[in-house]
Amino acid sequence: MDKMQTLSPTPGLDAAEEAPGRGGGAMSSIAAVERDTGLSKDVLRIWERRYGFPRPLRDAAGERVYPPEQVHKLRLLQRLIGAGHRPGRLMTRPVEELQALIDRSRVQSVPATDPEIARWLDRLGGLEVATLRRELSQAQLREGLARFVTGKALPFALAVGQAWMRGQLQVYQEHVFSEVMQGVLRQAIASVPVPAAGARPRVLLSTFPGEAHGLGLLMAEALLALEGCDCLSLGVQTPLDDLAQAARAHRSDILALSFASAPARRSVLEGLTVLRAALPEPVQLWVGGMHRWLSQHPRSGIMPLASLSDLGPAVAAWRASAAAG
(Lines give C-alpha, C1' and ligand atoms only; values in the text may rest on other atoms or scores of the structure.)
Protein backbone atom coordinates (compact mmCIF):
# COMPACT_ATOMS: atom_id res chain seq x y z
CA MET A 1 0.00 0.00 0.00
CA ASP A 2 1.29 3.47 -0.86
CA LYS A 3 2.47 5.19 2.29
CA MET A 4 1.64 8.61 0.86
CA GLN A 5 -1.58 10.37 1.70
CA THR A 6 -3.59 12.38 -0.80
CA LEU A 7 -4.52 16.03 -0.62
CA SER A 8 -7.93 17.17 -1.71
CA PRO A 9 -7.91 18.82 -5.13
CA THR A 10 -7.30 22.53 -4.78
CA PRO A 11 -9.10 24.78 -7.30
CA GLY A 12 -6.70 27.00 -9.17
CA LEU A 13 -3.58 25.20 -7.89
CA ASP A 14 -0.87 25.69 -10.51
CA ALA A 15 2.22 24.45 -8.68
CA ALA A 16 2.79 21.89 -5.96
CA GLU A 17 4.98 24.38 -4.12
CA GLU A 18 1.88 26.51 -3.49
CA ALA A 19 -0.29 23.73 -2.06
CA PRO A 20 -1.54 24.48 1.46
CA GLY A 21 -0.47 22.12 4.22
CA ARG A 22 -2.84 20.74 6.79
CA GLY A 23 -1.23 22.88 9.45
CA GLY A 24 -1.66 26.01 7.37
CA GLY A 25 1.90 26.13 6.03
CA ALA A 26 2.81 25.86 2.38
CA MET A 27 3.50 22.42 0.96
CA SER A 28 6.78 21.90 -0.93
CA SER A 29 7.32 19.93 -4.12
CA ILE A 30 10.15 17.41 -4.25
CA ALA A 31 12.14 19.86 -6.40
CA ALA A 32 11.66 22.58 -3.80
CA VAL A 33 12.74 20.23 -1.00
CA GLU A 34 15.86 19.31 -2.99
CA ARG A 35 16.76 22.98 -3.38
CA ASP A 36 15.93 23.84 0.22
CA THR A 37 17.69 20.98 1.98
CA GLY A 38 20.44 19.95 -0.44
CA LEU A 39 19.10 16.37 -0.41
CA SER A 40 18.71 14.94 -3.90
CA LYS A 41 15.40 13.57 -5.16
CA ASP A 42 16.93 10.09 -5.30
CA VAL A 43 17.96 10.28 -1.64
CA LEU A 44 14.49 11.45 -0.62
CA ARG A 45 12.87 8.53 -2.45
CA ILE A 46 15.37 6.00 -1.03
CA TRP A 47 14.74 7.23 2.52
CA GLU A 48 11.00 7.06 1.93
CA ARG A 49 11.21 3.41 0.86
CA ARG A 50 13.83 2.29 3.35
CA TYR A 51 13.02 4.23 6.50
CA GLY A 52 9.42 5.34 6.02
CA PHE A 53 10.46 8.99 6.22
CA PRO A 54 9.80 11.46 4.74
CA ARG A 55 6.10 10.72 4.27
CA PRO A 56 5.01 12.93 1.37
CA LEU A 57 1.41 13.55 0.44
CA ARG A 58 0.05 13.83 -3.08
CA ASP A 59 -1.26 16.99 -4.70
CA ALA A 60 -4.14 17.20 -7.16
CA ALA A 61 -1.82 16.15 -9.99
CA GLY A 62 -0.59 13.11 -8.07
CA GLU A 63 2.86 14.59 -7.39
CA ARG A 64 4.74 14.32 -4.10
CA VAL A 65 4.40 17.31 -1.77
CA TYR A 66 5.94 17.71 1.68
CA PRO A 67 4.46 19.43 4.76
CA PRO A 68 6.59 22.15 6.40
CA GLU A 69 7.31 20.04 9.48
CA GLN A 70 8.82 17.29 7.32
CA VAL A 71 10.96 19.78 5.41
CA HIS A 72 12.21 21.16 8.72
CA LYS A 73 13.17 17.69 9.92
CA LEU A 74 14.91 16.99 6.60
CA ARG A 75 17.04 20.10 7.08
CA LEU A 76 18.10 18.85 10.50
CA LEU A 77 18.84 15.38 9.13
CA GLN A 78 21.01 16.79 6.37
CA ARG A 79 23.05 18.80 8.84
CA LEU A 80 23.60 15.81 11.10
CA ILE A 81 24.46 13.45 8.25
CA GLY A 82 26.93 16.02 6.97
CA ALA A 83 28.54 15.85 10.41
CA GLY A 84 28.97 12.08 10.11
CA HIS A 85 25.79 10.62 11.64
CA ARG A 86 24.14 7.65 9.92
CA PRO A 87 20.66 8.27 8.53
CA GLY A 88 19.23 4.99 9.82
CA ARG A 89 19.96 6.03 13.40
CA LEU A 90 18.28 9.40 13.03
CA MET A 91 15.06 8.82 11.11
CA THR A 92 12.88 7.73 14.03
CA ARG A 93 14.10 10.43 16.40
CA PRO A 94 11.82 13.37 17.09
CA VAL A 95 12.78 16.84 15.94
CA GLU A 96 13.65 17.86 19.51
CA GLU A 97 16.33 15.18 19.78
CA LEU A 98 17.77 16.07 16.39
CA GLN A 99 17.96 19.72 17.39
CA ALA A 100 19.69 18.76 20.62
CA LEU A 101 22.33 16.83 18.64
CA ILE A 102 22.92 19.89 16.47
CA ASP A 103 23.18 22.14 19.52
CA ARG A 104 25.86 19.88 20.98
CA SER A 105 27.70 19.97 17.65
CA ARG A 106 27.63 23.77 17.77
CA VAL A 107 29.36 23.74 21.12
CA GLN A 108 32.01 21.29 19.94
CA SER A 109 32.66 22.99 16.58
CA VAL A 110 35.89 24.90 16.19
CA PRO A 111 35.85 28.13 14.16
CA ALA A 112 38.17 28.61 11.22
CA THR A 113 41.71 29.22 12.50
CA ASP A 114 43.05 30.61 9.22
CA PRO A 115 42.37 34.38 9.34
CA GLU A 116 41.99 34.49 5.57
CA ILE A 117 39.38 31.74 5.58
CA ALA A 118 37.59 33.45 8.47
CA ARG A 119 37.47 36.62 6.38
CA TRP A 120 36.10 34.67 3.40
CA LEU A 121 33.37 33.28 5.63
CA ASP A 122 32.42 36.84 6.53
CA ARG A 123 32.38 37.78 2.84
CA LEU A 124 30.13 34.83 2.12
CA GLY A 125 27.81 35.61 5.00
CA GLY A 126 27.45 39.18 3.75
CA LEU A 127 27.07 38.04 0.11
CA GLU A 128 30.08 40.12 -0.93
CA VAL A 129 30.37 37.89 -3.97
CA ALA A 130 32.59 40.04 -6.20
CA THR A 131 35.06 40.65 -3.38
CA LEU A 132 35.08 36.97 -2.42
CA ARG A 133 35.71 35.91 -6.01
CA ARG A 134 38.57 38.39 -6.37
CA GLU A 135 40.23 37.36 -3.10
CA LEU A 136 39.96 33.66 -3.94
CA SER A 137 41.51 34.26 -7.37
CA GLN A 138 44.32 36.27 -5.81
CA ALA A 139 44.97 33.50 -3.28
CA GLN A 140 45.10 30.92 -6.07
CA LEU A 141 47.70 32.96 -7.96
CA ARG A 142 49.72 33.58 -4.80
CA GLU A 143 49.68 30.01 -3.49
CA GLY A 144 49.81 28.13 -6.76
CA LEU A 145 47.03 25.73 -7.75
CA ALA A 146 48.09 22.67 -5.73
CA ARG A 147 48.63 24.54 -2.47
CA PHE A 148 45.47 26.55 -3.02
CA VAL A 149 43.36 23.41 -3.45
CA THR A 150 44.70 21.55 -0.41
CA GLY A 151 45.55 24.49 1.83
CA LYS A 152 42.78 26.98 1.08
CA ALA A 153 39.92 25.66 -1.06
CA LEU A 154 39.40 22.41 0.86
CA PRO A 155 39.66 23.99 4.35
CA PHE A 156 37.32 26.76 3.21
CA ALA A 157 34.81 24.18 1.99
CA LEU A 158 35.02 22.39 5.35
CA ALA A 159 34.58 25.68 7.21
CA VAL A 160 31.50 26.47 5.11
CA GLY A 161 30.09 23.05 5.98
CA GLN A 162 30.72 23.63 9.69
CA ALA A 163 29.13 27.09 9.54
CA TRP A 164 26.07 25.58 7.87
CA MET A 165 25.97 22.86 10.50
CA ARG A 166 25.98 25.53 13.24
CA GLY A 167 23.17 27.39 11.50
CA GLN A 168 25.39 30.36 10.63
CA LEU A 169 24.93 29.90 6.87
CA GLN A 170 21.88 28.97 4.84
CA VAL A 171 21.67 26.58 1.89
CA TYR A 172 21.60 29.46 -0.61
CA GLN A 173 24.86 30.82 0.84
CA GLU A 174 26.45 27.40 0.50
CA HIS A 175 25.33 27.41 -3.14
CA VAL A 176 26.92 30.83 -3.64
CA PHE A 177 30.17 29.47 -2.22
CA SER A 178 30.08 26.48 -4.58
CA GLU A 179 29.44 28.64 -7.64
CA VAL A 180 32.22 31.09 -6.81
CA MET A 181 34.78 28.42 -5.92
CA GLN A 182 33.97 26.35 -8.99
CA GLY A 183 34.47 29.40 -11.18
CA VAL A 184 37.88 30.08 -9.65
CA LEU A 185 38.95 26.45 -10.03
CA ARG A 186 37.76 26.17 -13.63
CA GLN A 187 39.72 29.27 -14.57
CA ALA A 188 42.82 27.88 -12.86
CA ILE A 189 42.48 24.47 -14.52
CA ALA A 190 42.20 26.16 -17.93
CA SER A 191 45.61 27.74 -17.32
CA VAL A 192 47.36 24.39 -16.71
CA PRO A 193 49.38 23.36 -19.79
CA VAL A 194 47.69 20.77 -21.96
CA PRO A 195 49.33 17.36 -21.44
CA ALA A 196 51.51 16.02 -24.22
CA ALA A 197 49.95 13.74 -26.80
CA GLY A 198 49.69 10.23 -25.41
CA ALA A 199 50.01 11.38 -21.80
CA ARG A 200 48.86 8.85 -19.27
CA PRO A 201 46.99 8.03 -17.22
CA ARG A 202 43.84 9.07 -19.00
CA VAL A 203 41.35 9.95 -16.27
CA LEU A 204 37.58 10.22 -16.61
CA LEU A 205 35.84 12.13 -13.80
CA SER A 206 32.19 12.27 -12.77
CA THR A 207 29.64 11.59 -10.03
CA PHE A 208 26.77 9.14 -9.65
CA PRO A 209 23.19 10.08 -10.51
CA GLY A 210 21.77 12.02 -7.59
CA GLU A 211 25.18 13.43 -6.61
CA ALA A 212 24.86 17.07 -7.69
CA HIS A 213 27.92 18.43 -5.88
CA GLY A 214 30.82 18.99 -8.26
CA LEU A 215 33.29 20.93 -6.14
CA GLY A 216 35.25 17.90 -4.95
CA LEU A 217 35.35 16.69 -8.53
CA LEU A 218 36.92 19.97 -9.65
CA MET A 219 39.50 19.87 -6.87
CA ALA A 220 40.48 16.37 -7.94
CA GLU A 221 40.65 17.42 -11.59
CA ALA A 222 42.92 20.34 -10.69
CA LEU A 223 45.41 18.12 -8.86
CA LEU A 224 45.31 15.43 -11.56
CA ALA A 225 45.92 18.03 -14.26
CA LEU A 226 48.98 19.24 -12.36
CA GLU A 227 50.22 15.63 -12.30
CA GLY A 228 50.14 15.67 -16.11
CA CYS A 229 47.13 13.39 -16.44
CA ASP A 230 44.91 13.56 -19.51
CA CYS A 231 41.62 14.45 -17.80
CA LEU A 232 38.07 14.48 -19.12
CA SER A 233 35.31 15.58 -16.77
CA LEU A 234 31.72 14.61 -17.52
CA GLY A 235 30.42 16.86 -14.78
CA VAL A 236 27.94 15.56 -12.26
CA GLN A 237 25.17 12.95 -12.24
CA THR A 238 26.20 10.70 -15.13
CA PRO A 239 24.13 7.50 -15.54
CA LEU A 240 26.09 4.31 -14.88
CA ASP A 241 25.70 2.99 -18.45
CA ASP A 242 27.02 6.27 -19.81
CA LEU A 243 30.00 6.16 -17.45
CA ALA A 244 30.99 2.75 -18.81
CA GLN A 245 30.46 3.84 -22.43
CA ALA A 246 32.44 7.05 -21.90
CA ALA A 247 35.31 5.13 -20.30
CA ARG A 248 35.55 2.96 -23.41
CA ALA A 249 35.26 5.86 -25.85
CA HIS A 250 37.84 7.90 -23.93
CA ARG A 251 40.13 4.86 -23.57
CA SER A 252 40.32 5.73 -19.90
CA ASP A 253 42.89 4.23 -17.59
CA ILE A 254 41.06 5.49 -14.50
CA LEU A 255 37.46 6.41 -13.70
CA ALA A 256 37.43 8.78 -10.72
CA LEU A 257 34.16 9.32 -8.83
CA SER A 258 33.41 11.90 -6.17
CA PHE A 259 30.81 11.53 -3.43
CA ALA A 260 30.07 14.71 -1.49
CA SER A 261 26.52 14.12 -0.26
CA ALA A 262 25.13 11.29 1.82
CA PRO A 263 23.21 8.64 -0.11
CA ALA A 264 22.51 5.29 1.50
CA ARG A 265 25.61 3.12 1.64
CA ARG A 266 23.82 0.15 0.13
CA SER A 267 22.89 2.12 -3.00
CA VAL A 268 26.49 3.35 -3.38
CA LEU A 269 27.91 -0.16 -3.06
CA GLU A 270 25.34 -1.60 -5.44
CA GLY A 271 26.09 1.10 -8.00
CA LEU A 272 29.84 0.62 -7.71
CA THR A 273 29.46 -3.15 -8.11
CA VAL A 274 27.36 -2.72 -11.25
CA LEU A 275 29.76 -0.15 -12.68
CA ARG A 276 32.85 -2.23 -11.90
CA ALA A 277 31.35 -5.15 -13.81
CA ALA A 278 30.54 -2.92 -16.79
CA LEU A 279 34.01 -1.37 -17.06
CA PRO A 280 36.85 -2.96 -19.01
CA GLU A 281 39.04 -4.84 -16.56
CA PRO A 282 42.15 -2.65 -16.99
CA VAL A 283 40.23 0.52 -16.04
CA GLN A 284 40.82 1.37 -12.39
CA LEU A 285 37.89 2.72 -10.38
CA TRP A 286 38.90 5.39 -7.87
CA VAL A 287 36.39 6.70 -5.32
CA GLY A 288 36.81 9.74 -3.10
CA GLY A 289 34.73 12.03 -0.94
CA MET A 290 32.63 11.37 2.13
CA HIS A 291 32.56 7.61 1.74
CA ARG A 292 35.80 6.82 3.53
CA TRP A 293 34.02 3.82 5.02
CA LEU A 294 34.90 2.08 1.75
CA SER A 295 38.43 1.80 3.11
CA GLN A 296 37.07 -0.21 6.02
CA HIS A 297 35.01 -2.45 3.75
CA PRO A 298 37.14 -2.92 0.61
CA ARG A 299 35.62 -4.13 -2.62
CA SER A 300 37.61 -5.87 -5.33
CA GLY A 301 38.53 -3.54 -8.18
CA ILE A 302 37.51 -0.37 -6.29
CA MET A 303 40.20 1.93 -4.89
CA PRO A 304 39.05 4.35 -2.16
CA LEU A 305 41.01 7.57 -1.69
CA ALA A 306 40.69 9.02 1.78
CA SER A 307 41.80 12.54 0.83
CA LEU A 308 42.84 14.71 -2.08
CA SER A 309 46.47 14.38 -0.97
CA ASP A 310 46.29 10.68 -1.93
CA LEU A 311 45.89 11.53 -5.62
CA GLY A 312 49.55 12.28 -6.32
CA PRO A 313 50.87 9.03 -4.81
CA ALA A 314 48.07 7.09 -6.53
CA VAL A 315 49.07 8.50 -9.92
CA ALA A 316 52.73 7.70 -9.23
CA ALA A 317 51.79 4.13 -8.27
CA TRP A 318 49.72 3.74 -11.45
CA ARG A 319 52.63 4.93 -13.60
CA ALA A 320 55.08 2.63 -11.84
CA SER A 321 52.78 -0.33 -12.39
CA ALA A 322 52.23 0.59 -16.04
CA ALA A 323 56.00 0.89 -16.60
CA ALA A 324 56.62 -2.47 -14.95
CA GLY A 325 53.83 -4.24 -16.77
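Atom set for the values below is all heavy atoms of this structure, side chains included, hydrogens, waters and symmetry mates excluded. Since this is a predicted model, take the numbers as computed values, not measurements.
How far CG of Leu217 is from CG of Leu257: 8.5 Å, rounded to the nearest 0.5 Å. Taking CZ of Arg75 as the start and CD of Gln170 as the end, the distance is 8.5 Å to the nearest 0.5 Å. The CG atom of Leu76 sits 10.0 Å away from the CG atom of Leu101 when rounded to the nearest 0.5 Å. Here the straight-line distance linking atom CG of Leu204 with atom CG of Leu279 works out to 9.0 Å at 0.5 Å rounding. The line from CD1 of Ile189 to CE of Met219 is 10.5 Å long, rounded to the nearest 0.5 Å.
Counting all heavy atoms, side chain and backbone alike, Pro68 lies closest to Ala26 at CG-O, 3.4 Å. Nearest heavy-atom pair across Gly216 and Leu308 is O-CD2, 4.5 Å. Residues Val149 and Pro155 approach most closely at O-CD, 4.3 Å, considering heavy atoms. In this structure, Leu226 and Ala146 approach most closely via the heavy-atom pair CD1-N, 3.5 Å.
Note on residues 123-137: pairs passing salt bridge (Lys or Arg N to Asp or Glu O under 4.0 Å), not counting sequence neighbours, are Arg119-Glu135, Arg123-Glu128, Arg123-Glu135. For residues 55-80, no pair satisfies ring-ring contact (aromatic ring centres under 6.0 Å, His included), with sequence neighbours left out. Among residue pairs with one or both ends in residues 173-205, those qualifying as ring-ring contact (aromatic ring centres under 6.0 Å, His included) are Phe156-Phe177; sequence neighbours excluded.
Linking Ile, Leu, Val, Met, Phe, Trp and Tyr whenever their side-chain heavy atoms come within less than 4.5 Å puts Val283 and Leu272 in one cluster. Residue Leu141 is not grouped with residue Ile117 when hydrophobic side chains (ILVMFWY) are merged at heavy-atom distances under 4.5 angstrom, including chains of intermediate members.
Taking Arg45 as the reference, Ile30, Lys41, Asp42, Arg49, Arg64 meet the side-chain contact (heavy atoms from CB on, under 4.5 Å) condition, with sequence neighbours excluded. With sequence neighbours excluded, the residues forming a side-chain contact (heavy atoms from CB on, under 4.5 Å) with Ala188 are Gln140, Leu145, listed by chain and number. Every residue meeting the side-chain contact (heavy atoms from CB on, under 4.5 Å) condition with Thr150, not counting sequence neighbours, appears here in chain and number order: Leu223.
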Derivation and outcome, side-chain contact (heavy atoms from CB on, under 4.5 Å), residues Tyr172 and Leu127 = CA-CA 10 Å; Tyr172 73 86; Leu127 292 182; 4.1 Å; yes

request  = Verify side-chain contact (heavy atoms from CB on, under 4.5 Å) between Phe259 and Val287, making sure each step is shown before the conclusion.
outcome  = CA-CA 8 Å; Phe259 290 91; Val287 181; 3.5 Å; yes

message = I'd like to know whether Phe208 forms a side-chain contact (heavy atoms from CB on, under 4.5 Å) with Val236, so could you lay out the CA-CA distance, the side-chain angles of the two residues, the decisive distance to 0.1 Å, and finally the verdict.
response = CA-CA 7 Å; Phe208 267 16; Val236 298; over 6 Å; no

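Here the side chain of Ser206 pairs no donor or acceptor atom with the backbone of Leu234 at under 3.5 angstrom. Looking at Arg93, its side chain does come within 3.5 Å of a backbone N or O of Arg89 through a donor-acceptor pair. At least one donor-acceptor pair closer than 3.5 Å links the side chain of Thr207 to the backbone N or O of Gln237. Judged purely by atom type and a 3.5 angstrom limit, Glu48 has no side-chain atom pairing as donor or acceptor with the backbone of Phe53. Between the side chain of Arg319 and the backbone N or O of Arg200, at least one donor-acceptor pair lies under 3.5 Å.
Annotation for Asp122: atom CG counts as buried by contact number, over 12 foreign heavy atoms lying within 6.0 Å.
Between the side chains of Gln138 and Arg142, no donor-acceptor pair is found at a separation under 3.5 Å.
The shortest side-chain heavy-atom distance between Leu39 and Leu77 does not fall under the 4.5 Å cut-off.
Under 4.0 Å is where a charged nitrogen must lie from a carboxylate oxygen, and between Lys152 and Glu116 at least one such pair does. Ionic pairing of Asp253 and Arg202 is not present here: no N-O contact between side-chain nitrogen and carboxylate oxygen is shorter than 4.0 angstrom.
Checking each of Ser233, Cys229, Ser252 against Val203 for a side chain to side chain contact (heavy atoms under 4.5 Å, CB included) leaves exactly one that passes, namely Cys229.
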